[in-house]
Amino acid sequence: MVQMTYRDALKQALRDAMTEDDSVVVIGEEVGRYGGAYGVTKGLYEEFGAARMIDTPISEPAIIGAAVGAAMSGLRPVAELMYVDFIGMTMDQLGNQAAKIRYMFGGQIGVPMVLRTQGGTGRSAGAQHSQSLEAYVLHTPGLRLVMPATVSDAYHLLRQSLRQPDPVVFIEHKALYTLKEEVDLSAPPPAWGKAAVRRTGDDLVIVTYSRQVHHALKAAEELSKQGLEATVIDLRCLNPLDFDTVREHVERVGRVMVVSEGVMTAGVGAELSARIHEECFDFLAEPVIRLCGEDIPISVSVDLEANSVPTSQAVQQVAARLLAERSAA
């Protein structure tokens, strides 16, 4: 076991992959000499050189386009976008090319690349640098989507992503980079696409991912002091989605909250809620509750930003209200 930050776990995953496989290269703005906007690639330039730590112009379409071509030509690129907010600029390269090439080539060739980027709130970066756009990726068949919440998952899931035959979008929450935990780097990785049950309770199931896992766990601790026990499911991957684990606990408990930092309308929370209603309807004691980000641009104001997305207090309050209605009924 070694103690490290989320940031350093990502760096170690890249280092290990690059040491083992000469075809792994990193492509992006300031990933080389500067060490990455969030310090994830710091020091890797000195270890692996300019041929494998490739600094690019400030052009997101060029970064992803180069990565797609490199992946089709025998390399295994890790493309970095400084902010997920700019993924829309890459959707021809990512959504029209990378996601569809295996299908359109009849399985003769794939695009084994990883797109690393970060999203979410927490740095007062304003409306253009604080979004949670994972629904864009989830909506596109052919793209895998990973959103780790823990330091251990940051390491192991990035390592697994670099072994996939198809493009993986790997979204890191900007508020998690300094999170520090103990990690067993030699432990067997979690099964690809398998959710983690972080806490088990019989009163409520909270289904979530990324930073909201930590808010849900904190809320569950507070609820426990009131005699209310919640199950917290960390999805880890949104595609592939481990709905079997969700179904198992929904059928056992019957009350569900879906928590997402993305916006309410047409977001990940909406998709999860719809699927739970469709596949677990007979086991639900009442409708699924969605707690999501507000349908507004994120404010640069610290207070407005913090209150535009779910917090641990909000998760606790909504859960307590839901369970109070159960008791009243």
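Smallest separation of non-hydrogen atoms from Arg76 and Arg163: NH1-C, 3.8 Å. Here the shortest heavy-atom pairing between Lys11 and Gly39 reads CE-O, 3.8 Å. Minimum heavy-atom separation, Phe170 to Ala154: CZ-O, 3.8 Å. Nearest heavy atoms, Val114 versus Ser161: CG2-O, 3.6 Å. Here the closest heavy-atom approach between residue Ile171 and residue Gly119 is recorded as CG2-N, 4.0 Å. Of all heavy-atom pairs spanning Ile63 and Ala79, the tightest one is CG2-CB, 4.0 Å.
Tyr38 does not carry Arg7 over the face of its six-membered ring by the limits of under 6.0 Å from the centre and within 45° of the normal.
Using a 3.5 Å distance cut-off with no hydrogens or angles, the side chains of His214 and Arg211 do not pair a donor with an acceptor. Inspection of the Lys194 and Thr245 side chains reveals an N or O donor paired with an N or O acceptor under 3.5 Å. If you check the side chains of Ser301 and Asp303, you find no donor sitting under 3.5 Å from an acceptor. Between Asp85 and Gln131, the side chains place a donor N or O and an acceptor N or O closer than 3.5 Å (distance only, hydrogens not considered). Neither side chain, Glu29 nor Tyr34, offers a donor N or O lying under 3.5 Å from an acceptor on the other. Side-chain contact annotation: Tyr209 with Ser260, donor-acceptor N/O pair under 3.5 Å present.
To the nearest 0.5 Å, atoms OG1 (Thr121) and NE2 (His129) are separated by 14.5 Å. Between Arg33 atom CZ and Lys42 atom NZ the span is 13.5 Å, to the nearest 0.5 Å. Separation of atoms CD1 (Ile87) and CD1 (Ile64) is listed at 7.5 Å; rounding is to 0.5 Å. We find the CZ-CD distance between Arg255 and Glu286 to be 4.5 Å, quoted to the nearest 0.5 Å. Between the OG1 atom in Thr90 and the CG atom in Leu81 there is a gap of 6.0 Å [rounded to 0.5 Å].
Contact of the Val258 side chain with the Thr208 side chain is not registered, since no non-hydrogen atoms from C-beta on lie closer than 4.5 Å. Annotation: side chain of Asp202 is in contact with side chain of Arg252 (closest heavy-atom distance under 4.5 Å). Side-chain contact between Val207 and Met257 is absent, with no heavy atoms from C-beta onward closer than 4.5 Å. No side-chain heavy atom of Leu75 sits less than 4.5 Å from a side-chain heavy atom of Met113. Inter-residue side-chain proximity for Tyr177 and Gln118 is flagged as met; some heavy-atom pair is nearer than 4.5 Å.
Put simply, Leu14 and Leu176 are part of the same group of oily side chains (I, L, V, M, F, W, Y) that touch within less than 4.5 Å, one to the next. Using a 4.5 Å cut-off between side-chain heavy atoms of Ile, Leu, Val, Met, Phe, Trp and Tyr, with links allowed through other members, Val256 and Val318 fall into different hydrophobic clusters. If you chain together hydrophobic residues whose side chains sit under 4.5 Å apart, Leu157 and Val40 fall into the same group. In terms of hydrophobic clustering, with Ile, Leu, Val, Met, Phe, Trp and Tyr side chains grouped at heavy-atom distances under 4.5 Å, Leu138 and Leu235 are assigned to a common cluster. Side-chain heavy atoms closer than 4.5 Å link hydrophobic residues (I, L, V, M, F, W, Y) into clusters, and following such links, even through other members, never connects Ile289 to Val253.
Atom CD1 of Ile296 has more than 12 neighbouring heavy atoms from other residues, nucleotides or ligands inside a 6.0 Å radius. Residue Tyr136 qualifies as open at atom OH: its count of foreign heavy atoms under 6.0 Å is 12 or below. Open room surrounds CD on Gln128; 12 or fewer heavy atoms of other groups in view lie less than 6.0 Å from it.
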Got a list of side-chain donor-acceptor pairs under 3.5 Å for residues 97-105, not counting sequence neighbours?
residue, atom, partner, partner atom, Å
Lys100, NZ, Gly95, O, 2.4
Arg102, NE, Asp166, OD1, 2.6
Arg102, NE, Asp166, OD2, 3.4
Arg102, NH2, Pro165, O, 3.1
Arg102, NH2, Asp166, OD1, 3.4

Quiz: residues 17-27 side-chain donor-acceptor pairs under 3.5 angstrom, not counting sequence neighbours:
residue, atom, partner, partner atom, Å
Thr19, OG1, Arg15, O, 2.8
Glu20, OE1, Arg159, NH1, 3.4
Glu20, OE1, Arg159, NH2, 3.1
Glu20, OE2, Arg159, NH2, 2.8
Asp21, OD1, Ser23, N, 2.9
Asp21, OD1, Ser23, OG, 2.7
Asp21, OD2, Ser23, OG, 3.0

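For the pair Thr311 (side chain) and Ala314 (backbone), a donor-acceptor distance under 3.5 Å is present. Proximity of a side-chain donor or acceptor of Asp203 to a complementary backbone N or O of Ala230 within less than 3.5 Å is not detected. With hydrogens and angles disregarded, a donor-acceptor distance shorter than 3.5 Å links the side chain of Asp295 to the backbone of Thr265. The closest donor-acceptor contact from the side chain of Ser308 to the backbone of Glu305 lies under 3.5 Å. The backbone N or O of Leu44 sits nowhere less than 3.5 Å from a side-chain atom of Thr41 that would complete a donor-acceptor pair. Asp242 places no side-chain N or O within donor-acceptor distance of the main-chain N or O of Cys237, the cut-off being under 3.5 Å. No side-chain donor-acceptor contact under 3.5 Å links Glu80 to the backbone of Gly28. Judged by distance alone, the side chain of Glu60 and the main-chain N or O of Met89 form no donor-acceptor pair under 3.5 Å. Although no hydrogens or angles enter the test, the distance criterion places no donor-acceptor pair under 3.5 Å between the side chain of His139 and the main chain of Ala135. In this structure, the side chain of His277 engages the main chain of Val288 through a donor-acceptor pair within 3.5 Å.
Checked for salt-bridge contact, Glu222 and Lys225 meet the test: a charged N lies under 4.0 Å from a carboxylate O.
In summary, the aromatic rings of His173 and Tyr6 are positioned with their centroids too far apart to meet the 6.0 Å limit.
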Handout entry: Pair Thr178-Thr5, side-chain contact (heavy atoms from CB on, under 4.5 Å): steps then yes or no
Key = CA-CA 5 Å; Thr178 58; Thr5 63; 5.5 Å; no
Exercise for the section: Might you work through the side-chain contact (heavy atoms from CB on, under 4.5 Å) test for Thr231 and Arg199, ending with a clear yes or no? Expected result: CA-CA 5 Å; Thr231 291; Arg199 182 186 178 110; over 6 Å; no
Exercise for the section: Could you walk me through whether Asp55 and Val31 pass the side-chain contact (heavy atoms from CB on, under 4.5 Å) test, one step at a time? Expected result: CA-CA 6 Å; Asp55 284 319; Val31 298; 3.9 Å; yes
Exercise for the section: Quick one: do Asp16 and Tyr155 satisfy side-chain hydrogen bond (donor to acceptor under 3.5 Å, both in side chains)? Show the steps, please. Expected result: CA-CA 10 Å; Asp16 290 349; Tyr155 175 81; 2.6 Å; yes
Practice task
Go through Leu143 and Leu94 one step at a time and tell me if the side-chain contact (heavy atoms from CB on, under 4.5 Å) criterion holds.
Solution key: CA-CA 8 Å; Leu143 298 177; Leu94 186 64; 3.9 Å; yes
Problem - side-chain hydrogen bond (donor to acceptor under 3.5 Å, both in side chains) between Glu261 and Ser210, intermediate numbers included - result: CA-CA 9 Å; Glu261 194 161 318; Ser210 193; over 6 Å; no
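With sequence neighbours excluded, the residues forming a salt bridge (Lys or Arg N to Asp or Glu O under 4.0 Å) with Arg236 are Asp153, listed by chain and number.
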